[in-house]
Amino acid sequence: MSNIKGKKRSACIAGTGSYLPERVLTNDDLAKMVDTSDEWIKTRTGICERRMAREDEATSDMAAVASRMALESAGVTALDVDIIILATCTPDMVLPNTACFVQEKIGAKKAFCMDIEAACSGFVYGMEIARNGIEAGAYDTALVIGAEKLSCIVDWEDRGTCVLFGDGAGAVVLKAMDEPGILASALGSDGSLASLLNVPGGGSRCPASERTLNEKLHFLKMEGNQVFKHAVRCMSEAGKQALERANLTMADVNWVIPHQANMRIIQAISDKVGVSIDRFVINLHKVGNISAASIPVAMDEAVRAGKIKKDDILLFVVFGSGFTWGASVLKWVL
Ligand code: UT7
């Protein structure tokens, strides 16, 4: 949609925020819980530590802190927000959606609110929905959040998964502007591979029961090495496709912000797409895999560290359960 000057409306990131819980869980702490070692975790994943939410701290609590920071850095108030999209696979409750809890906490009274469940890809999916609405003129200001309390779906006796995940939240304010912001995206899904990464119990297929508890079906299950291969291929291809749609090449990209699941995955993407690892934003060693919160937390840290400058081209690449994956290219306007 065009504004009165005839220019295309664009969705631009106007502010970012993030929150990590205080408690740090190190690799040595995990080695006391399961048969693993700091050396194995560091070598196979690149993760050194991750953050754990308090028992009384839910996904919306973390999301609200990140959201307030994002609103403040965007110079808008909660009352300016038209829509809240919250990406999570660890909602506060089955219903209502967690975005409604955030709305209540921050006082975004005029916003309409929804959650997106696309696992680790959720934040980029949410940005795409917000972008389309902004470009179409349906709304002007969107709050897009990725927030997870993965510690409550991790099996703390399964060394194949419990060493990987952490808790946290990141948020952005997207605003309608005349200058280009989000330039292009490429999203994809493949439901035929759902069994490689899922939480089988607690839904309508296998409702909560004594059996689901006894068989630990409420915990995350993953075929790690299968997921690994698909993650590298899908993120590399989506990144290339999104750039093509934006009429750009990898040489134009200042920063790649990848889903932070495994340093070997990030290195393999760097090799495959031909972008030096120095141009990747990486915080995996400190936070582990925080699913939908991964990209907004890494981005907020990079912005606050002064790494990202006006007119920089950023490329987000994500991959998660579903399988879901995607990439977005944007110009930094701040
Ligand atoms: O965010 C959504 C997307 N998720 C991902 O992208 C995760 C993708 N997958 C991965 O990051 C890796 O596959 C893992 C880090 C999960 C596992 O690394 P891997 O190199 O694929 O190891 P593996 O699963 O093939 O296991 C190799 C060995 C096995 O022992 P044997 O069978 O060779 O004797 C495992 O039992 O490593 C063993 N192992 C461990 N050893 C020590 C698995 N986990 C651990 C552990 N500590 N924590």
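Numbering of ligands and ligand atoms starts at 1, following listing order.
Against a heavy-atom cut-off of under 4.0 Å, Arg44 is close to the following atoms of ligand 1: 20 (O). The ligand atoms of ligand 1 that sit less than 4.0 angstrom from a heavy atom of Thr45 are 15 (C). Atoms of ligand 1 found under 4.0 Å from any heavy atom of Val163 (numbered from 1 in listed order, with element): 48 (N). Near Cys120, meaning under 4.0 Å from any of its heavy atoms, are these atoms of ligand 1: 1 (O), 2 (C). Within the listing of ligand 1, atoms 1 (O), 2 (C) sit less than 4.0 angstrom from a heavy atom of His259.
In this structure, atom 11 (O) of ligand 1 has a protein heavy-atom contact shorter than 4.0 Å. In this structure, atom 33 (O) of ligand 1 has no protein heavy-atom contact shorter than 4.0 Å. Inside a 4.0 Å radius of atom 43 (C) of ligand 1 there is at least one protein heavy atom. Note that atom 48 (N) of ligand 1 has protein non-hydrogen atoms nearby, at separations under 4.0 angstrom. The presence of a protein heavy atom under 4.0 Å from atom 26 (O) of ligand 1 is ruled out.
Counting protein heavy atoms only, atom 17 (C) of ligand 1 is closest to Trp40 CH2, 4.0 Å. Summary of contacts: the protein heavy atom closest to atom 38 (C) of ligand 1 is Arg159 NH2, 3.7 Å. Of all protein heavy atoms, the one lying nearest to atom 14 (C) of ligand 1 is Asn262 ND2, 4.4 Å. Of the protein's non-hydrogen atoms, Ile265 CD1, 3.3 Å is the one closest to atom 6 (O) of ligand 1. The protein atom (non-hydrogen) at minimum distance from atom 18 (O) of ligand 1 is Arg264 NH2, 3.4 Å. In terms of protein heavy atoms, atom 1 (O) of ligand 1 is closest to Asn289 ND2, 2.7 Å. Given atom 8 (C) of ligand 1, the protein heavy atom at minimum distance is Gly224 O, 3.6 Å. The shortest contact between atom 4 (N) of ligand 1 and any protein heavy atom is with Val227 CG1, 3.6 Å.
Remark: Lys110 engages Asp82 in a salt bridge, criterion side-chain N to carboxylate O under 4.0 Å. The pair Arg159-Asp35 counts as a salt bridge, with a side-chain nitrogen and a carboxylate oxygen less than 4.0 angstrom apart. Electrostatic pairing of Glu57 and Lys149 does not count as a salt bridge here, judged by no charged N lying under 4.0 Å from a carboxylate O. A salt bridge does not link Lys307 to Glu301: none of the charged side-chain nitrogens sits closer than 4.0 Å to a carboxylate oxygen. Ion pairing between Glu237 and Lys240 fails under the 4.0 Å rule for side-chain N and carboxylate O.
Judged by distance alone, with hydrogens and angles left aside, the side-chain atoms of Asp252 form a donor-acceptor pair with the main-chain N or O of Thr249 at under 3.5 Å. Judged by distance alone, with hydrogens and angles left aside, the side-chain atoms of Asp61 form a donor-acceptor pair with the main-chain N or O of Ala58 at under 3.5 Å. Side chain of Glu49 to backbone of Leu25: no donor-acceptor contact under 3.5 angstrom is found. A side-chain donor-acceptor contact under 3.5 Å links Asn27 to the backbone of Ile47.
Taking the ring pair (Phe, Tyr, Trp, His ring centres under 6.0 Å) definition, one finds that Phe316 meets it with nothing, sequence neighbours left out.
Look at Ile41 and you'll find every heavy atom at least 4.0 Å from all atoms of ligand 1.
Aromatic ring centres of His230 and Phe323: separated by under 6.0 Å.
Contacts between Thr161 and ligand 1 below 4.0 angstrom, taking non-hydrogen atoms only, are absent altogether. Residue contacts with ligand 1 for Asn225 involve both N, CA, C or O and side-chain atoms from C-beta outward (heavy atoms, distance under 4.0 Å).
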Would you list the atom pairs, donor with acceptor, under 3.5 Å between side chains in residues 211-221 and any protein atom, with sequence neighbours excluded?
{"residue": "Arg211", "atom": "NH1", "partner": "Glu215", "partner atom": "OE1", "Å": "2.9"}
{"residue": "Thr212", "atom": "OG1", "partner": "Ser209", "partner atom": "N", "Å": "2.8"}
{"residue": "Thr212", "atom": "OG1", "partner": "Ser209", "partner atom": "O", "Å": "2.9"}
{"residue": "Thr212", "atom": "OG1", "partner": "His218", "partner atom": "NE2", "Å": "2.8"}
{"residue": "Asn214", "atom": "ND2", "partner": "Glu210", "partner atom": "O", "Å": "3.4"}
{"residue": "Lys216", "atom": "NZ", "partner": "Asp155", "partner atom": "OD1", "Å": "3.1"}
{"residue": "Lys216", "atom": "NZ", "partner": "Asp155", "partner atom": "OD2", "Å": "3.3"}
{"residue": "Lys216", "atom": "NZ", "partner": "Glu157", "partner atom": "OE1", "Å": "2.7"}
{"residue": "Lys221", "atom": "NZ", "partner": "Lys216", "partner atom": "O", "Å": "2.6"}

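The option from Thr36, Leu197, Ile290 that lies nearest to atom 46 (C) of ligand 1, judged by heavy atoms, is Thr36.
The shortest non-hydrogen separation linking Ala292 to Pro296 is O-CD, 3.5 Å.
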